[in-house]
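Counting begins at 1 with the first residue of the sequence.
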Amino acid sequence: MTWRINAMLVWTLIIGVALSQDLLSSYLKAFKAKRSLQQDIVRRMSEDNHSKQEEMLRMIYEAMYGVVVSSLMNLQSASFSSHSPLPHQEQPLMESLSLVYENCALFADLYLRHPDLTEHLYKKMKHSDFKDVMKNTITFCYERNDVFSDTTDHGKLLRLVRQELGLVAKDPDYHNPYRKVLRAPEPRAPKKKERKKLPRGPQLSKSEL
């Protein structure tokens, strides 16, 4: 299949999965399937050239912003916090929460894989608060500690992106191989100043003294 950027693909990445009203384990199965799709797209994006990557990231981030902000507002209006239980019996709330979870994970994937390009796009996006919105989203998901618990791969992903974003101190061995490291120019050795030779004027000889 030819890899092409299109609006349908972007929408598939950010919309929610079909949700079950059963226990957390049921939702985790659906979440894992959606994550598999997201991770495949992220890997394929890495094979594109820089301009295509930038175009795709911009499309995803612009769509992601609208979905995340709308979903967080729905949760807030229902007084749903990071400490509330999963709203199994309230489908609209569960769908909003799912959208927050999935877009949080997708952003983490993209930011870790394209940190420099993402930070470049911050300045070009229509929504100047995109970075702050995603930081708040990551903090919200981390505090919930259900889908993104420390014992899951999703939790490990969140731990990495929190370090990359500077939300927590970096582990001593933390390193993102996808971030370009700008080396400071080596200091140049100071040039030795050449002593100027002063013109010698007439000198007295001993016989003239």
Side-chain angles (χ1 to χ4, degrees), residues 7 10-35 37-39 41-42 57-112 115 118-119 121-169:
V10 172
W11 194 242
T12 301
L13 283 172
I14 64 173
I15 60 173
V17 298
L19 293 172
S20 169
Q21 294 185 3
D22 295 331
L23 301 175
L24 175 62
S25 58
S26 299
Y27 172 67
L28 284 174
K29 291 179 181 178
F31 183 74
K32 186 176 180 180
K34 183 59 175 286
R35 290 290 297 131
L37 170 63
Q38 291 178 340
Q39 290 167 334
I41 297 299
V42 171
L57 279 176
R58 183 187 58 77
M59 289 177 64
I60 292 175
Y61 288 158
E62 293 287 1
M64 181 183 290
Y65 178 90
V67 171
V68 170
V69 168
S70 176
S71 299
L72 288 174
M73 288 180 63
N74 290 341
L75 295 173
Q76 186 177 11
S77 64
S79 299
F80 186 90
S81 73
S82 58
H83 304 292
S84 301
L86 281 175
H88 295 293
Q89 304 303 319
E90 301 177 69
Q91 190 73 1
L93 279 185
M94 193 64 193
E95 289 178 354
S96 293
L97 182 61
S98 176
L99 288 169
V100 171
Y101 282 161
E102 292 161 22
N103 283 278
C104 174
L106 177 59
F107 175 78
D109 278 336
L110 293 171
Y111 185 73
L112 288 169
T118 295
E119 289 169 5
L121 285 171
Y122 286 156
K123 305 170 186 177
K124 302 175 68 174
M125 291 181 62
K126 293 185 295 185
H127 309 288
S128 59
D129 60 337
F130 174 74
K131 182 179 181 179
D132 292 333
V133 167
M134 295 316 300
K135 280 186 173 182
N136 292 337
T137 301
I138 288 168
T139 299
F140 172 84
C141 293
Y142 172 76
E143 290 176 349
R144 285 201 53 79
N145 195 34
D146 43 22
V147 171
F148 294 95
S149 67
D150 292 337
T151 58
T152 65
D153 290 339
H154 316 310
K156 294 175 183 176
L157 173 68
L158 215 59
R159 177 170 178 76
L160 291 175
V161 77
R162 290 176 74 230
Q163 293 181 74
E164 189 69 26
L165 283 167
L167 294 173
V168 293

Is the shortest side-chain heavy-atom distance between [X] and [Y] below 4.5 Å?
X	Y	answer
D146	Y101	yes
R159	D150	no
V68	L99	no

Check whether [X] reaches the backbone of [Y] with its side chain - one donor and one acceptor, N or O, closer than 3.5 Å.
X	Y	value
S71	V67	yes
E95	E90	no
E62	K126	yes
S98	M94	no

Which value, rounded to the nearest 0.5 Å, describes the distance between [X] atom [atom1] and [Y] atom [atom2]?
X	Y	atom1	atom2	answer
L167	K135	CG	NZ	5.5 Å
N145	T152	CG	OG1	8.5 Å
S84	L97	OG	CG	9.5 Å
Y111	L165	OH	CG	4.5 Å
I60	L110	CD1	CG	5.5 Å
L157	C104	CG	SG	7.5 Å

What's the verdict on side chain to side chain contact (heavy atoms under 4.5 Å, CB included) for V100 and L72, showing C-alpha distance, side-chain angles and the deciding distance?
CA-CA 7 Å; V100 171; L72 288 174; 3.9 Å; yes
Report yes if the distance between the aromatic ring centroids of F31 and H154 is under 6.0 Å, otherwise no.
yes
Can you name the nearest heavy-atom pair linking [X] to [Y], along with the distance?
X	Y	answer
E164	P115	OE2-CB, 4.0 Å
S96	N74	OG-ND2, 3.3 Å
A105	Q38	CB-OE1, 4.3 Å
N103	M64	OD1-CG, 3.5 Å

For Q76, look at atom CD and say whether over 12 heavy atoms of other residues, nucleotides or ligands are found less than 6.0 Å away.
no
Checking V147 against C141 for the side chain to side chain contact (heavy atoms under 4.5 Å, CB included) test, could you report, in this order, the C-alpha distance in whole Å, the side-chain angles of both residues, the deciding distance, and whether it holds?
CA-CA 8 Å; V147 171; C141 293; over 6 Å; no
Does any donor atom in the side chain of T139 or E143 lie under 3.5 Å from an acceptor atom in the other side chain?
no
Please collect all ring-ring contact (aromatic ring centres under 6.0 Å, His included) contacts where either partner lies in residues 124-144, sequence neighbours excluded, each pair once.
Y61-F130, Y65-H127, F107-F130
Residues two or more places apart in sequence or in another chain: which of them pass side chain to side chain donor-acceptor pair (under 3.5 Å) with R162?
none
Hey, is R35 close enough to D109 for a salt bridge, meaning N to O under 4.0 Å?
yes
